[in-house]
A.B. asks: 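I'd like to ask you about the structure that follows.
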Amino acid sequence: MELLATTGDAFVKVGAWTRLEGSGAQCLAVNGDAVYVGCRGHGLKRSVDRGDAFEDLPLREQDVFSVAVGPDGTVYAGTEPSRLFCSRDGGDSWEELAALQDIPSRPNWSFPPRPWTSHVRWIAPSPHEPEVVLVGIELGGLMRTDDGGASFSDHRPDAARDVHCVAWHPSAPARAYEAGGDGAAWSRDGGRSWDRAEAGRDRRYAWALAADPADPERWFVSAAPGPFQAHGSRPSNSAIYRWEGTGPWQVILGPLDSHVYALAAADHQFFAGRGDGTLLQSEDGGDTWSELSERIGGVTALVAE
């Protein structure tokens, strides 16, 4: 089991090494030995040796907030301002998926801390249908393409509009999940329609999520009462919640002083990365959690493989 993380400033292979210090590393995606790291102010980086050495990729925008790899190997990168790019050769060349700019709601996209702009916060290619991709705008909504980005449908009704995280279930083809500043939702039809999942969760500001690979009816989110608690200097009063079947949400860890910014699942284990750099592990579906011995910088993204 390997844990790979970004901290907002660097890339970390937990227990092994730290790379890209001072890069503004925000997000990452993994495809075999290839690791892609998106950086705020320093573009997109690629490693071909699981994160030991990195090279710059020729992406036109320098503020990269999201990166993902589809099942066909297509690499996607999302930026601020909100633009979406793809590469079909592993990152050597890029094209913009300009249809994202034609979405009717585009003039209204606005990120509250920088209201003059917005960014592509999350990209989720379906692991089952390469042409289907969900794209989350912070703050603007959840968009969907079923033709590889040639066209997009506008914000999906009943999905959260302040998108923070989107995921597909690895074995249930039509199941997708979302966490956002205005709540959580899930889809049973490949992201076309969404059902809100709010019952039992008194902290509305959802952030990270992970689905149980063994059970598409069970998924997890982190949430805080609001953005100022989640991102401020005082205790966040955040928690990790678990949803099973038809709900409701149940608190399985919390309240926490430091917000959980990333959740990951792999090999019957679940991991959580917090803003203070602590990493948590559960081996029993979230019933109990232990803290890993290594503390890294404040976690912004986490991959477990």
Side-chain angles (χ1 to χ4, degrees), residues 26-32 34 36-38 44 46 57 59-61 64-91 93-106 109 118-180 185-194 209-211 216 219 301 303:
Q26 298 289 318
C27 55
L28 76 156
V30 179
N31 184 31
Y36 300 89
V37 174
L44 186 63
R46 178 181 61 192
L57 293 180
L59 194 69
R60 284 176 286 180
E61 294 285 351
V64 180
F65 279 74
S66 53
V67 62
V69 182
D72 60 353
T74 300
V75 184
Y76 297 90
T79 68
E80 180 177 302
S82 290
R83 300 175 71 185
L84 181 63
F85 300 87
C86 77
S87 172
R88 307 189 192 281
D89 57 10
S93 62
W94 295 83
E95 63 177 299
E96 182 176 5
L97 299 178
L100 189 72
Q101 307 303 317
D102 298 330
I103 292 177
S105 66
R106 174 69 179 85
W109 300 351
S118 64
H119 50 255
V120 178
R121 178 68 180 84
W122 207 272
I123 309 164
S126 168
H128 314 287
E129 298 180 76
E131 297 296 299
V132 176
V133 184
L134 299 173
V135 178
I137 306 297
E138 189 179 27
L139 191 158
L142 183 62
M143 319 307 169
R144 182 182 186 274
T145 178
D146 58 11
D147 54 18
S151 64
F152 286 88
S153 58
D154 209 332
H155 175 65
R156 309 315 302 148
D158 292 322
R161 191 173 289 274
D162 183 14
V163 184
H164 290 152
C165 187
V166 184
W168 295 88
H169 195 271
S171 61
R175 194 63 58 89
Y177 315 84
E178 181 199 16
W186 62 340
S187 173
R188 297 170 177 83
D189 62 2
R192 295 177 181 85
S193 64
W194 293 78
L209 76 82
W219 53 301
V303 170

A.B. asks: Using the ring-ring contact (aromatic ring centres under 6.0 Å, His included) criterion, which residues pair with Tyr36? Sequence neighbours excluded.
C.D. replies: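 Not a single residue meets the ring-ring contact (aromatic ring centres under 6.0 Å, His included) criterion with Tyr36.
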
A.B. asks: On a heavy-atom basis, which atom in Ile137 and which in Ser82 lie closest, and how many Å separate them?
C.D. replies: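 Smallest heavy-atom distance, with atoms named: CG2-OG, 3.8 Å.
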
A.B. asks: Give a yes or no answer on whether the side chain of Trp168 reaches the backbone of Pro127 with a donor-acceptor pair at less than 3.5 Å.
C.D. replies: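 Not confirmed, Trp168 side chain does not pair with Pro127 backbone.
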
A.B. asks: Applying side chain to side chain donor-acceptor pair (under 3.5 Å), can you list everything that pairs with Asp102, at least two apart in sequence or on another chain?
C.D. replies: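 Not a single residue meets the side chain to side chain donor-acceptor pair (under 3.5 Å) criterion with Asp102.
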
A.B. asks: Considering residues at least two apart in sequence or located in another chain, which fulfil the ring-ring contact (aromatic ring centres under 6.0 Å, His included) criterion with Tyr177?
C.D. replies: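 ring-ring contact (aromatic ring centres under 6.0 Å, His included) check on Tyr177 returns Trp219.
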
A.B. asks: Does any non-hydrogen side-chain atom of Phe85 lie less than 4.5 Å from one of Arg60?
C.D. replies: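 The answer is yes, as the side chains (C-beta and beyond) meet within the 4.5 Å cut-off.
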
A.B. asks: Within a strict 4.5 Å, meaning less than it, do heavy atoms of the Leu142 and Trp122 side chains meet?
C.D. replies: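 When only atoms from C-beta onward are counted, Trp122 and Leu142 do not touch, as no gap falls below 4.5 Å.
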
A.B. asks: Give the minimum heavy-atom separation between Asn31 and Gly73, together with the two atoms involved.
C.D. replies: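 For Asn31 and Gly73, the tightest heavy-atom pair comes out as ND2-CA, 4.4 Å.
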
A.B. asks: The criterion is salt bridge (Lys or Arg N to Asp or Glu O under 4.0 Å); which residues satisfy it with Arg88, sequence neighbours excluded?
C.D. replies: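 Salt bridge (Lys or Arg N to Asp or Glu O under 4.0 Å) list for Arg88, sorted by chain: Glu95.
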
A.B. asks: My understanding is that only residues two or more places apart in sequence, or in another chain, count here; which of them pass side chain to side chain contact (heavy atoms under 4.5 Å, CB included) with Ala172?
C.D. replies: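 His169, Arg175, Pro216.
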
A.B. asks: Going by the rule side chain to side chain donor-acceptor pair (under 3.5 Å), which residues pair with His164 if we only count those two or more places apart in sequence or in a different chain?
C.D. replies: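 Counting only residues at least two positions away or on another chain, His164 forms a side chain to side chain donor-acceptor pair (under 3.5 Å) with Glu138.
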
A.B. asks: Rounded to the nearest 0.5 Å, what's the gap from OG on Ser153 to CE on Met143? Could you check?
C.D. replies: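 Between atom OG of Ser153 and atom CE of Met143 there are 8.5 Å.
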
A.B. asks: Could you measure the distance from the CD atom of Glu61 to the CG atom of Leu44? Nearest 0.5 Å is fine.
C.D. replies: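 Output value for this atom pair is 12.5 Å.
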
A.B. asks: How would you list, by chain and number, every residue that makes a side chain to side chain contact (heavy atoms under 4.5 Å, CB included) with Glu131, sequence neighbours excluded?
C.D. replies: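 Counting only residues at least two positions away or on another chain, Glu131 forms no side chain to side chain contact (heavy atoms under 4.5 Å, CB included).
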
A.B. asks: Can you name the residues that form a side chain to side chain donor-acceptor pair (under 3.5 Å) with Trp109, not counting sequence neighbours?
C.D. replies: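 Partners of Trp109 by the side chain to side chain donor-acceptor pair (under 3.5 Å) criterion, ordered by chain and then number, come out as Ser105.
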
A.B. asks: For the residue pair Val67 and Gly38, what are the closest heavy atoms and their distance?
C.D. replies: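 Smallest interatomic distance, heavy atoms only, reads CG1-N, 4.4 Å.
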
A.B. asks: Of all heavy-atom pairs between Pro125 and Ala68, which one has the smallest distance, and what is that distance?
C.D. replies: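 For Pro125 versus Ala68, the nearest heavy atoms are CD-CB, 3.6 Å.
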
A.B. asks: Would you mind reporting whether Val135 and Tyr76 have side-chain heavy atoms less than 4.5 Å apart?
C.D. replies: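 Answer no - side chains too far apart.
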
A.B. asks: Between Val133 and Phe152, does a side chain to side chain contact (heavy atoms under 4.5 Å, CB included) hold up when you go through it step by step?
C.D. replies: CA-CA 9 Å; Val133 184; Phe152 286 88; 5.7 Å; no

A.B. asks: For Arg192, give me all partners under side chain to side chain donor-acceptor pair (under 3.5 Å), at least two apart in sequence or on another chain.
C.D. replies: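 Counting only residues at least two positions away or on another chain, Arg192 forms no side chain to side chain donor-acceptor pair (under 3.5 Å).
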
A.B. asks: Just by modelled atom types, is the Ala160 backbone N or O under 3.5 Å from a matching donor or acceptor in the Glu178 side chain?
C.D. replies: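 Yes; judged by distance alone, with no hydrogens or angles, the pair exists.
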
A.B. asks: Work out which heavy atom in Ala150 is nearest to a heavy atom in Ala99; give both atom names and the distance.
C.D. replies: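 Answer, listing the atom of Ala150 first, then Ala99: O-CB, 3.3 Å.
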
A.B. asks: Hey, does Thr79 have a side-chain heavy atom less than 4.5 Å from the side chain of Leu59?
C.D. replies: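 In short, these two side chains touch, coming nearer than 4.5 Å.
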
A.B. asks: How many angstroms lie between atom CG of Leu97 and atom OG of Ser151, to the nearest 0.5 angstrom?
C.D. replies: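 Spacing of CG (Leu97) from OG (Ser151) equals 10.5 Å.
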
A.B. asks: Would you list the pairs meeting salt bridge (charged side-chain N to carboxylate O under 4.0 Å, His left out) in which at least one residue belongs to residues 146-163, sequence neighbours left out?
C.D. replies: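 For residues 146-163: Arg144-Asp146.
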
A.B. asks: Can you see which heavy atom on Ala159 is nearest to which on Ala185, and at what distance?
C.D. replies: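 So the two residues come closest at CA-CB, 4.2 Å.
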
A.B. asks: Which residues pass the side chain to side chain contact (heavy atoms under 4.5 Å, CB included) test with Ser66, not counting sequence neighbours?
C.D. replies: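 Once residues adjacent in sequence are excluded, the partners of Ser66 under the side chain to side chain contact (heavy atoms under 4.5 Å, CB included) criterion are Val120, Ile123.
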
A.B. asks: Can you sort out the partners of Pro173 under side chain to side chain contact (heavy atoms under 4.5 Å, CB included), two or more places apart, ordered by chain and number?
C.D. replies: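 For Pro173, the residues satisfying side chain to side chain contact (heavy atoms under 4.5 Å, CB included) (neighbours in sequence not counted) are His128.
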
